[in-house]
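These notes concern the structure reproduced below.
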Amino acid sequence: MESRNYIGGEWYTPRGDVIHVKNPSNTSEEIGVLHLSEASDMQQAGEAAQKALASWASMNSGKRGQILYQAADLLASKLDEVATLSSLEMGKPISEMKGEVMRGVHLLRYYAAEGVRAVGDVIPAGADNVLQYTKRVPLGVVGLITPWNFPVAIPIWKLAPALICGNTVIWKPAEAASLSATKITAILAEAGLPAGVLNLVIGTGSKVGSRMLEELPLDGVSFTGSTKTGLQVAATCARRNIKYQTEMGGKNAAVVLRDADLSTTVPAILSGAFRSAGQKCTATSRIIVEQAAYEPLVDELRKEVAKLYVGNALDPSSYLGPVASAGQYETVRSYVRLAEQTEVLAQGQAQVDPSTGYYVMPLVVGGVGPDHKLVQEEIFGPVAAVVRATDAEEAFALCNQTMYGLSASVFTQNLSRALRFLDETQAGMVRVNLETAGVEYQAPFGGMKLSSSHTREQGQAALSFYSQVKTCAVYYG
Ligand code: NAD
């Protein structure tokens with residue numbers, strides 16, 4: 001497959017650099033070609049989105065919803081095809097990838113239904129014979145910048161609410177998810193989106209992403225990616241007074257208290273730390289354990305990590321596949337080298353020859369203090385660090401000892417400790433006896449501290465971001 005740009009309802013191949021995409025599960029196999037855009041392609045996308053705005057914004061929202069329902073049906077009918085492409089492109093195991101595509105279908109249906117739901121409130125007026133009400137209206141042209149780790153769900157959880165609210169969109173996906181982005185755009189186009197409503201521009205962040213932010217007449221920007229990039233995005237948007245949201249990195253903790261039921265705790269930690277090869281913003285990368293539970297927990301982790309099936313992303317048995325790219329492999333390997341200098345508590349083994357792809361074995365390390373790099377920096381790979389705490393009090397304090405605040409979980413049977421954890425933890429998504437990842441699409445998603453611009457995505461929260469409120473008053477006396 002080859003990536004293409006989709007601008008003003010036309011497909012074309014931009015003239016920038018060409019990248020040959022390798023299968024991360026088997027790097028000797030080429031699975032596609034990317035054609036990168038020049039800054040001028042972004043300019044054209046801006047013009048197309050501006051041109052399409054008035055008629056899309058004024059279209060009956062029920063009709064906009066019908067197009068999203070149609071896109072949902074098309075995506076459902078191509079579930080296997082889309083999931084296979086994304087697994088080949090960025091290495092997420094096929095079983096998980098199918099679940100992610102299904103999440104995309106649910107998101108499209110959820111936001112399609114918003115086309116016939118209320119868009120405001122009637123508010124009693126102080127004066128007589130005045131009807132006062134609010135009405136949500138579109139922002140205008142919105143720019144979406146997405147990462148590669150959820151190549152289907154993250155774009156759709158931005159696109160669907162942006163479109164149902166009546167915005168037109170310019171989408172700059174991550175390079176490592178550009179084949180998937182081309183496929184998703186084709187599905188939305190086939191569903192009947194009018195020309196110019198969605199414009200896809202394939203390219204690098206430094207060239208076309210920054211051009212979009214610096215120069216296009218945008219009314220909103222939604223970004224998901226690293227904290228480093230997100231802070232630059234926020235600064236540019238703030239300078240230009242563009243409404244923005246940035247969902248960024250995490251260093252999420254599973255806090256295990258002395259009374260945790262290990263039969264449910266260990267599978268939740270394994271899933272949080274190692275599914276998607278640890279490349280989820282909500283992945284468990286710190287395991288903070290109360291002293292009394294340390295030995296039994298580590299014994300269980302040692303046994304269970306050794307059993308994890310590390311294999312080709314298209315192998316339905318794979319619990320985790322490779323990491324997504326050569327760059328990602330180098331970064332994660334540098335943390336593994338650091339981890340090997342500490343105490344390795346548990347390590348997995350590959351069911352394939354690891355030299356055939358970007359495979360990193362699941363790893364649990366100990367012997368690190370709360371300030372160690374492995375405990376403070378986002379690794380974004382299958383590496384988790386165990387930190388001991390003398391009691392629940394200290395465990396909760398350690399959980400908050402990070403610049404991030406995305407998600408956190410506690411494992412305990414004690415109701416009062418669980419509720420205290422939910423109250424005291426500085427994270428946007430806090431959970432009891434559940435893994436740190438896996439927040440549902442109909443619930444708000446986002447972080448505190450340096451994980452987020454303090455906005456939320458998904459659920460009803462997304463509608464607030466992609467619209468602005470007008471307060472209307474009518475004197476009829
Ligand atoms: P990244 O920051 O490198 O890139 C994200 C996107 O920004 C890509 O499309 C990239 O091309 C673009 N970009 C890069 N530089 C840019 C610039 N100067 N101007 C405009 N755009 C630019 O992140 P990544 O490696 O793709 O994704 C991994 C990161 O994403 C991790 O830190 C992870 O925690 C985070 N993430 C967060 C969430 C969340 O909801 N909080 C969800 C998924 C991933």
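Just so it is clear, the values below take in all heavy atoms, side chains as well, and ignore hydrogens, waters and symmetry mates. Note that ligands are numbered from 1 as they come in the structure, with each ligand's atoms numbered from 1 the same way.
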Any side-chain to backbone donor/acceptor pair from Gln347 onto Pro362? Under 3.5 Å, distance only.
no
Looking only at side-chain N and O atoms, does Asp315 offer a donor or acceptor that is under 3.5 Å from a partner on Tyr309?
yes
Treating Lys449 as the side-chain partner and Thr402 as the backbone partner, does any N or O pair qualify as donor plus acceptor under 3.5 Å?
yes
Would Ile170 and Val201 satisfy side-chain contact (heavy atoms from CB on, under 4.5 Å), going step by step from the backbone distance to the final call?
CA-CA 7 Å; Ile170 302 162; Val201 184; 4.2 Å; yes
Please tell me whether Thr282 and Thr436 have a donor and an acceptor in their side chains that are separated by less than 3.5 angstrom.
no
Does the plane of the ring in Trp157 sit parallel, tilted or perpendicular to the ring in Phe150? Use 30° and 60° as the thresholds.
tilted
Pairs of nitrogen or oxygen atoms, one from ligand 1 and one from the protein, closer than 3.5 Å: please tabulate them with distances.
unit_1: ligand 1; atom_1: 2 (O); unit_2: Ser226; atom_2: N; d: 2.9
unit_1: ligand 1; atom_1: 2 (O); unit_2: Ser226; atom_2: OG; d: 2.7
unit_1: ligand 1; atom_1: 2 (O); unit_2: Thr229; atom_2: OG1; d: 2.9
unit_1: ligand 1; atom_1: 9 (O); unit_2: Thr146; atom_2: O; d: 2.8
unit_1: ligand 1; atom_1: 9 (O); unit_2: Lys172; atom_2: NZ; d: 3.1
unit_1: ligand 1; atom_1: 9 (O); unit_2: Ala174; atom_2: N; d: 3.4
unit_1: ligand 1; atom_1: 11 (O); unit_2: Lys172; atom_2: NZ; d: 2.6
unit_1: ligand 1; atom_1: 11 (O); unit_2: Glu175; atom_2: OE1; d: 3.1
unit_1: ligand 1; atom_1: 11 (O); unit_2: Gly205; atom_2: N; d: 3.3
unit_1: ligand 1; atom_1: 23 (O); unit_2: Ser226; atom_2: N; d: 3.3
unit_1: ligand 1; atom_1: 25 (O); unit_2: Trp148; atom_2: NE1; d: 3.1
unit_1: ligand 1; atom_1: 26 (O); unit_2: Trp148; atom_2: NE1; d: 3.3
unit_1: ligand 1; atom_1: 30 (O); unit_2: Gly225; atom_2: O; d: 3.3
unit_1: ligand 1; atom_1: 32 (O); unit_2: Glu378; atom_2: OE1; d: 2.6
unit_1: ligand 1; atom_1: 34 (O); unit_2: Glu378; atom_2: OE2; d: 2.6
unit_1: ligand 1; atom_1: 41 (N); unit_2: Met248; atom_2: N; d: 3.3
unit_1: ligand 1; atom_1: 41 (N); unit_2: Met248; atom_2: O; d: 2.8

